[in-house]
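I have placed the structure first, in the form of structure tokens, so that the comments after it can refer back to it.
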Amino acid sequence: MNHELRIYNSLTNKKEIFKELIPGKVGIYVCGPTVYSSSHMGHARSAIVFDLIIRFLKFVGYQTKYVRNFTDVDDKIIAKAAEEGIAVEKIANKYKLEYLEDVKNLGCLSPDFQPCVSENINEIIELIKKIIASGYGYVVAGEVYYNISKFSDYGKLSNQSTDSMLSHTRLEINPNKKNDLDFALWKSSKEGDPSWNSPWGKGRPGWHIECSSMSTKYLGETFDIHGGGRDLIFPHHENEIAQSECTSNEKFANYWIHNGLININKEKMSKSIGNIVNIQDALKIWNKNIIKIFFLTHHYRTPVDLSSEKLKEIKKTLIKIKKKISDTKNIRERKMDDFRKLWINAMRDDFNSAKAFGYYFKYINERALTKSNIDLIEEFEITMGIFGWRNEINDDTSSEESFEQKFDQERIQKIILERNMARQIKNWKKADDLRLQAEELGIELIDTKNGTSWKRK
RNA sequence: GGCGGUGUAGCCAAGUGGUAAGGCGCCGGUCUGCAAAACCGUUAUACCCCGGUUCGAAUCCGGGCACCGCCUCCA
């Protein structure tokens, strides 16, 4: 059996055998949110994917050091603060706390470190000084830019030549820049903006530099894994590499892991379309495990289409599975290779949780469950970060309660009463007519020993 | 235009050389006054198209086509 862990490295666009820098230890840095609005399902996916990766790395015996930052100094936050007439720090703090609450509510493990830009200004200034001293940065009118033409590897992550990047750019020409692709390391700030003193005047860090600085601070100049959403490959991660490698002369991150983005009902989730789904709103309707399992039944690199229909499907599956697990009789035993070995191997191959869940569903469906089988199932659930879901997911359509309350309760009760009277005297024609009436209201009647209940159709 | 990704049943989704996991749905059966739930069973001669390599390809190579993402600070 092959015990190696294989990871798709966005830097080489290949699956590679994972080799850690220090035996038994893994350092991982993931780009967290810019805190200027409530976090959405894209953030959720990223948090869930990297939570899975951390859990699995721990499971196979690695000691992990997991760092996820907050970008709390940024143009977007400043703009939002101006729009709402609230202090920049308050906006940043509000959304930072919200994010922490959201990922906690999703049942994700906390990173070991969650640094903020505002708390690392000195480190950032020192790094910018080093970049200037190495000849890669230049100062113009109180601002510092990175000179990409000096860094010969520029474009190695996104696989682009600087020429081709320029050929189709929407970039506005900035006369202060030596090259159009140069980016700001330090920006001078307008009156009222958050600002710090620096050798170049009052200002604040540009986007990108914080991640170079903070990853190095916690993990060293070279570390094992750098993660984030696919959309960050260019320019953000490309620029991080340029900033870090020009001063260290070392490779920045050995493996780059990028999770796929999400669509909502087949459309790109975006502000302009107005279809952003917040984590908070999703959690009001769906149990966290449904959301997690939805994401985990897709491979982390593929784009995913999110819709309530798909979440309902997951819920249905889970309710069935839950009943299977509690029913130890009545299940036919079939041949299946070692479940534990199968799912671990799936996960060793670029964290293929979708495949692993296939085995999980199959195993539960085809096993007479014994104590040891349950132990195996629970081991899987713990590693995937869904342990306890069976106590949290009910088949009482509770997730649709808010929807159901909009129905005319009185009228439904009247139909049920009338129909049951008809059923007692075996007037089936009338009973069926009343069932149809209920269906026209969009609900379905369910007869049980304990009476008649109903649910949304 | 450049770079990257994707294309597998009605829908979703695994599968990197050995003859198509899993889920939802559909259909049939048991059960039920009828339904629902549950349970049992069925459901891709076939993996966008055309060539090639191979004893053998969804999987590798070449050429197309289609869709999606990124291409600088939120557009």
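Worth saying up front: this structure is predicted, and the values here are computed from it rather than measured. First the proteins, then the strands, lettered A, B, ... as listed; each starts at 1.
Using a 4.5 Å cut-off on side-chain heavy atoms (C-beta onward), A/C246 and A/Y146 make contact. Residues A/Y36 and A/T71 have side chains not in contact (no heavy-atom distance under 4.5 Å, counting atoms from C-beta outward).
Distance from the side chain of A/T302 is smallest to B/rA14 among B/rG25, B/rC70, B/rA14. Nearest nucleotide to the side chain of A/F183, out of B/rU72, B/rC74, B/rG23: B/rU72. Minimum atom distance to the side chain of A/K362 is reached by B/rG22, of the listed B/rC73, B/rG69, B/rG22. Minimum atom distance to the side chain of A/D432 is reached by B/rG33, of the listed B/rG33, B/rC12, B/rG22. Nearest nucleotide to the A/K323 side chain, out of B/rU16, B/rA37, B/rC73: B/rA37. Set against B/rA14, B/rG23, B/rC73, the side chain of A/N352 has B/rA14 as its closest nucleotide. Proximity note for A/K355 (side chain, C-beta onward) versus B/rC34, B/rC70, B/rG15: the nearest is B/rG15. Across B/rG23, B/rG25, B/rC73, the shortest atom-to-atom separation from the side chain of A/W207 is found for B/rC73.
Results of the side-chain hydrogen bond (donor to acceptor under 3.5 Å, both in side chains) test with A/S38 over A/Q280, A/E98, A/H43 single out A/E98 as the only residue that passes.
For the atom pair CZ of A/F234 and CG of A/N159, the computed distance is 12.0 Å after rounding to the nearest 0.5 Å. With values rounded to the nearest 0.5 angstrom, A/R390 atom CZ is found 9.0 Å from A/K322 atom NZ.
Among the atoms of the strands shown, only primed sugar atoms or phosphate atoms (P, OP1, OP2) are found under 4.0 Å from some heavy atom of A/H299. Among the atoms of the strands shown, base atoms are found under 4.0 Å from some heavy atom of A/R435. Within 4.0 Å (heavy atoms only), A/F294 reaches no atom of the nucleic acid at all. Among the protein residues, A/K76 comes within range of the nucleic acid bases, having at least one heavy atom under 4.0 Å from a base atom. Within the 4.0 angstrom heavy-atom criterion, no nucleotide atom of any strand lies near A/N263. If you check every strand for non-hydrogen atoms under 4.0 Å, A/N159 touches sugar and phosphate atoms only. Within the 4.0 angstrom heavy-atom criterion, only backbone atoms of the sugar-phosphate kind lie near A/N13; the bases stay farther away. Nucleic acid contact class of A/A184 (heavy atoms, under 4.0 Å, all strands): base. Contacts of A/K320 with the nucleic acid, taken as non-hydrogen atoms under 4.0 Å apart, involve only primed sugar atoms and P, OP1 or OP2.
Side-chain N/O atoms of A/Y8 include one lying less than 4.0 angstrom from OP1 or OP2 on B/rG5. Taking only side-chain nitrogens and oxygens, A/K316 comes nearer than 4.0 Å to OP1 or OP2 of B/rG25.
The nearest whole Å value for the distance from the CD1 atom in A/I264 to the P atom in B/rG69 is 14 Å. Straight-line distance from the CD1 atom of A/I241 to the P atom of B/rU72: 18 Å, rounded to whole Å. Spacing between atom CZ of A/R204 and atom P of B/rC73 amounts to 14 Å, rounded to whole angstrom units. B/rG69 atom C1' lies 13 Å from atom CZ of A/R45, rounded to whole Å.
Under the 6.0 Å cut-off for aromatic ring centres, A/Y360 and A/Y363 do not qualify, their centroids lying 6.0 Å or more apart.
B/rA9: no Watson-Crick or G-U partner with both key distances under 3.5 Å is found in any strand. Shown here, B/rU53 forms no base pair; nothing in the strands shown gives a Watson-Crick or G-U wobble contact with both key distances under 3.5 Å. Under the Watson-Crick or G-U wobble criterion, with both distances below 3.5 Å, B/rC34 has no partner in any strand shown. Figure legend. B/rG69 is base-paired to B/rC3; pairs are counted as Watson-Crick or G-U wobble with both atom distances under 3.5 Å.
Around the NZ atom of A/K90, the shell of radius 6.0 Å holds no more than 12 heavy atoms that belong to other residues, nucleotides or ligands.
Judged by atom type and distance alone, A/R419 reaches the base of B/rG33 through a side-chain donor-acceptor pair under 3.5 Å.
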